[in-house]
2 protein chains.
Amino acid sequence: MKEAYLLMRDAGLKLTPRRQAIIAMFSDSRVQLSPQEVQERLKCQFIRCGLPGVYRNLEALADCGVLFRVVGFGRERSYALCCCSQRDGVHHHHHVICISCGLVGQVESCAYQEGVVIEGFRVVSHVLQLRGICASCSSRETEASG
Amino acid sequence: MKEAYLLMRDAGLKLTPRRQAIIAMFSDSRVQLSPQEVQERLKCQFIRCGLPGVYRNLEALADCGVLFRVVGFGRERSYALCCCSQRDGVHHHHHVICISCGLVGQVESCAYQEGVVIEGFRVVSHVLQLRGICASCSSRETEASG
DNA sequence: TTATAAATGGAAACTATTTCTGTTTATCCT
DNA sequence: AGGATAAACAGAAATAGTTTCCATTTATAA
């Protein structure tokens, strides 16, 4: 939360109650959320709360590195908390999302850094995102079935 | 084209003039196209041509493996021709798209096969897509600048 | 050639996202 | 603490993207 505040300040973003609530929401539940879901949850705390503001805030928080944009095909747009300390120079990393509890992990290894040549193509950029089962959900599964 | 026809037949899809035109379009230009762009290009050959039909066909062709869905964040939805022979058993692969000419290449190597454990997460699925400069565009660049 | 299931166009419904405008508010400076 | 200022805000309305529906047409296989 402290980290998030610093990222925001670096980007010239104000720490409004709305944004605090959004960050807390992502910190607490650790799952990916769509703008609609975020609005839904905000309504518990704020009586008036428009979707345009939610869109703006999510994009602003993604731009400054507090959230990241979950990729997919087509419509479904969603965001999740970027768990990584980014202030000491942005470093290349990806995310893995637990399909059971929503926990977001950080993936450091990546074979596709810019400049690498793959199948004759010199890599410029890429999208990589993983889904899986985190350690604790995995052990819970094992217990249950064993 | 022959390959595409077999994939379609396996999936129980009919080879309609519309679909032939769509496949030819992707084969010829080798770039990724949005439904809107596909419709635009179809209008040259077919006077009447609704977007719903374009959506349906693109999804059907993606389902049977002729096209693949280009991933991204949010709205932008697009498709490209899957260059890979898939009939002899579907095999795991990804794509790399040339940002200069749109050429689509096939990436066989992948460190994130299902079951692999990364950062404590057991991988279930993933999205990977690369952008880069293909060999011929790369050498053209070198000539031009040298 | 005919039967059949699939594909089609287009209207309309639906959903998601952005723009716009006037008001409110966090932050910085004194 | 108090005021100036740029940013954030809500909500309406515009825009854009996608899906559903239905009656008609058509590719395929017998």
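If you take CD of Q39(A) and P of dT17(C), they are 12 Å apart, rounded to a whole angstrom. Distance, Q20(A) CD to dA26(C) C1': 11 Å, rounded to whole Å. One can place CD of E37(A) at 11 Å from P of dA16(C), the figure rounded to the nearest angstrom. Counting to the nearest Å, the P atom of dA6(C) and the CG atom of L15(B) are 16 Å from each other. L33(A) has its CG atom 15 Å from the P atom of dA16(C), to the nearest Å. Atom CG in D10(B) sits about 15 Å away from atom C1' in dT28(D), given to the nearest Å. Atom CG in N57(B) sits roughly 15 Å away from atom P in dA6(C) (whole-Å rounding). Rounded to an integer number of Å, the gap from CE of M8(A) to P of dA8(D) is 8 Å.
Closest to the side chain of Y55(A), from the set dA27(D), dT18(D), dA16(C), is dA16(C).
In terms of position along DNA chain C, the nucleotide closest to K14(B) lies nearer the 5' end than the nucleotide closest to the other residue of the pair R56(B) and K14(B). Closest-nucleotide positions on DNA chain C for L13(B) and I47(B) were compared, and the one nearer the 5' end corresponds to L13(B). Both A60(A) and L51(A) sit near DNA chain D, but only A60(A) has its closest nucleotide nearer the 5' end. Heavy-atom nearest nucleotides on DNA chain D were determined for G50(A) and for P17(B), and the one closer to the 5' end corresponds to G50(A).
Counting heavy atoms from C-beta outward, P17(A) and F46(A) have side chains that approach closer than 4.5 Å. Looking at V96(B) and V123(A), their side chains never come closer than 4.5 Å, going by heavy atoms from C-beta outward. Side-chain contact between S34(A) and R77(A): absent, with no pair of heavy atoms (C-beta onward) separated by less than 4.5 Å.
Here P52(A) lies in heavy-atom contact (under 4.0 Å) with a base.
In terms of phosphate contacts, R19(A) brings a side-chain nitrogen or oxygen within less than 4.0 Å of OP1 or OP2 of dA8(D). The phosphate of dA16(D) has neither OP1 nor OP2 within less than 4.0 Å of any side-chain N or O from Q36(B). OP1 or OP2 of dT17(C) sits under 4.0 Å from a side-chain N or O of R77(A). Phosphate contact (OP1/OP2 of dC9(D), side-chain N/O of T16(A), threshold under 4.0 Å): present.
Of all heavy-atom pairs spanning I97(B) and F121(A), the tightest one is C-CE2, 4.3 Å.
Note on R69(B) versus D63(B): salt bridge recorded, some NZ/NE/NH1/NH2 to OD/OE distance being below 4.0 Å.
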